[in-house]
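The structure appears below as C-alpha cells.
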Amino acid sequence: MKKLFFFAIAGMLISACSNSGSKPQAVNPNLPHEVVVTNDMENAMAIIPSWSNERTVMAINDPPAHSGGFAIVTNDSIEYGYTYKEILKNIDSKTPKMVTYNGWIYTTVANPKPALAIICNINENDKQYDWKAYPLEKELIEAGKWVEFTATFYFDQKPLKPEQEIGLYAWNLSKKPIFIDDVKITFIY
C-alpha cells in the first residue's frame with residue numbers, strides 16, 4: 001500500500017512538472033516591445049564595454065546619492081557624464097522607434113543657465129549621423145533635492161540602421177555641480 005501511494009504521488013509530481021501539454025510561445029518581432037538598461041552607479045567599473053567615462057561616477061556624501069553611495073558627477077571640470085554607447089544591432093535585431101533616458105537629478109544651484117541636457121548621439125562609421133538634446137531646465141528649478149526626470153528621443157525623422165552606434169549621456173553646460181543617479185534607458189521598438 002505504501003509503495004502504491006509513493007508511486008501515485010511521484011506520478012502526480014512528474015505530470016505536474018512536465019510541459020508536455022504546452023508549447024513555447026514565439027516572440028513576434030513585429031509586435032512592439034522594449035529593451036531596458038539600468039544602472040544605479042554602484043558597479044560602474046564592472047559594466048564595461050557599453051558604458052564609458054567611468055571617471056564621472058564617484059562616491060558622494062554631500063549630497064548623499066539618490067540610492068547607494070555613488071552617482072554621476074558633472075561640474076566645471078567634468079562637462080560630460082557617464083556615457084552609454086552601443087551598436088544598435090547589439091541591443092536588438094530591430095532598430096528602435098524611440099528611446100527614453102530616465103533617472104534622478106540633483107542640482108546645487110536652482111535654475112542653472114544654461115541647463116544640463118541629456119544627449120542622444122547616433123554615429124555611423126565614426127561620423128555623426130544624428131544628434132539630439134533634451135534640456136532639463138524644468139527639472140532643475142529647485143536646488144538641494146533629488147528630482148526624477150525623463151528625456152525622450154524619437155527616431156521618425158531619420159531612419160536608423162542596425163550598424164549605427166547610439167550614445168546617451170548628460171552634458172553640463174552650466175558648469176555648476178549637478179549629480180545624476182539611478183539611470184534607466186528604455187528602447188521602444
Next item on the list: Any chance you could lay out the side chain to side chain contact (heavy atoms under 4.5 Å, CB included) test for V183 and M41, step after step, and finish with the verdict?
Entry: CA-CA 8 Å; V183 171; M41 306 309 143; 3.6 Å; yes
Check: For Y154 and K97, what are the C-alpha separation, side-chain angles and deciding distance, and is it a side chain to side chain contact (heavy atoms under 4.5 Å, CB included)?
Finding: CA-CA 6 Å; Y154 297 90; K97 293 179 181 168; over 6 Å; no
Check: What do the steps show when you test I166 against C120 for side chain to side chain contact (heavy atoms under 4.5 Å, CB included), and what is the final call?
Finding: CA-CA 7 Å; I166 190 166; C120 178; 3.9 Å; yes
Checklist line | Step-by-step side chain to side chain donor-acceptor pair (under 3.5 Å) determination, N53 to T83 | finding: CA-CA 6 Å; N53 204 11; T83 303; 4.7 Å; no
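Counting only heavy atoms from C-beta outward, the side chains of L116 and W171 never approach each other to under 4.5 Å. Using a 4.5 Å heavy-atom cutoff, the side chains of L88 and L160 are in contact. Considering only heavy atoms from C-beta on, V73 stays 4.5 Å or farther from P177 through its side chain. L140 places a side-chain heavy atom less than 4.5 Å from the side chain of I178.
In this structure D182 satisfies the side-chain contact (heavy atoms from CB on, under 4.5 Å) test together with D40, H66, S67, W104, sequence neighbours excluded. Not a single side-chain hydrogen bond (donor to acceptor under 3.5 Å, both in side chains) links T152 to another residue, sequence neighbours left out. Remark: P63 engages Y106, F179 in a side-chain contact (heavy atoms from CB on, under 4.5 Å) (not counting sequence neighbours). For N90, the side-chain contact (heavy atoms from CB on, under 4.5 Å) partners at least two apart in sequence or on another chain are E86, I87. Annotation: salt bridge (Lys or Arg N to Asp or Glu O under 4.0 Å) contacts of E142 (sequence neighbours excluded): K145. Taking F155 as the reference, nothing meets the ring-ring contact (aromatic ring centres under 6.0 Å, His included) condition, with sequence neighbours excluded. Judged as a ring-ring contact (aromatic ring centres under 6.0 Å, His included), and not counting sequence neighbours, F187 has no contacts. Under the rule for a side-chain contact (heavy atoms from CB on, under 4.5 Å), the partners of P162 that lie at least two apart in sequence or sit in another chain are K89, T95.
Aromatic ring orientation, Y84 versus W51: perpendicular (interplanar angle above 60°, classes split at 30° and 60°).
For T107 against P112, the heavy-atom pair with the smallest separation is OG1-CG, 4.1 Å. Of all heavy-atom pairs between A143 and A110, the closest is CB-N, 3.6 Å. Taking all atoms of both residues into account, the shortest heavy-atom contact from A133 to P135 is O-CD, 3.7 Å.
Every pair tested for salt bridge (charged side-chain N to carboxylate O under 4.0 Å, His left out) that includes a residue from residues 105-118 fails, sequence neighbours excluded, so the list is empty. Judged as a side-chain hydrogen bond (donor to acceptor under 3.5 Å, both in side chains), the pairs with a partner in residues 160-170 (not counting sequence neighbours) are, in order, E124-K161, E124-Q164. Residues in residues 167-177 take part in these salt bridge (charged side-chain N to carboxylate O under 4.0 Å, His left out) pairs, two or more places apart or across chains: E79-K175. Note on residues 127-140: pairs passing side-chain hydrogen bond (donor to acceptor under 3.5 Å, both in side chains), not counting sequence neighbours, are N121-Q128.
Distance check: N102 CG to T38 OG1 gives 11.0 Å after rounding to the nearest 0.5 Å. Within the model, atoms CD1 of I122 and CG of L168 stand 7.5 Å from one another, a figure rounded to the nearest 0.5 Å. Rounded to the nearest 0.5 angstrom, T56 OG1 and F70 CZ are separated by 12.5 Å. Of the inter-residue distances, the one linking I180 atom CD1 with I105 atom CD1 reads 5.0 Å to the nearest 0.5 angstrom. Expressed to the nearest 0.5 Å, how far CD1 of I72 lies from CD of E54 amounts to 11.0 Å. With rounding to the nearest 0.5 angstrom, the CD1 atom of I185 is 8.5 Å from the OG1 atom of T100.
F153 and F149 fall within a single hydrophobic cluster, where Ile, Leu, Val, Met, Phe, Trp and Tyr side chains are chained together by heavy-atom contacts under 4.5 Å. Cluster membership check: L136 does not share its hydrophobic cluster with I141, using side-chain heavy-atom separations under 4.5 Å among Ile, Leu, Val, Met, Phe, Trp and Tyr.
No side-chain donor-acceptor contact under 3.5 Å links N123 to the backbone of D126. Using a distance-only test at 3.5 Å, with no hydrogens or angles considered, no donor-acceptor pair links the side chain of E34 to the main chain of Y189. No donor-acceptor distance shorter than 3.5 angstrom exists from the side chain of S174 to the backbone of A115, with no hydrogens or angles considered.
Counting non-hydrogen atoms of other residues, nucleotides and ligands closer than 6.0 Å to CG of D76 gives a total above 12.
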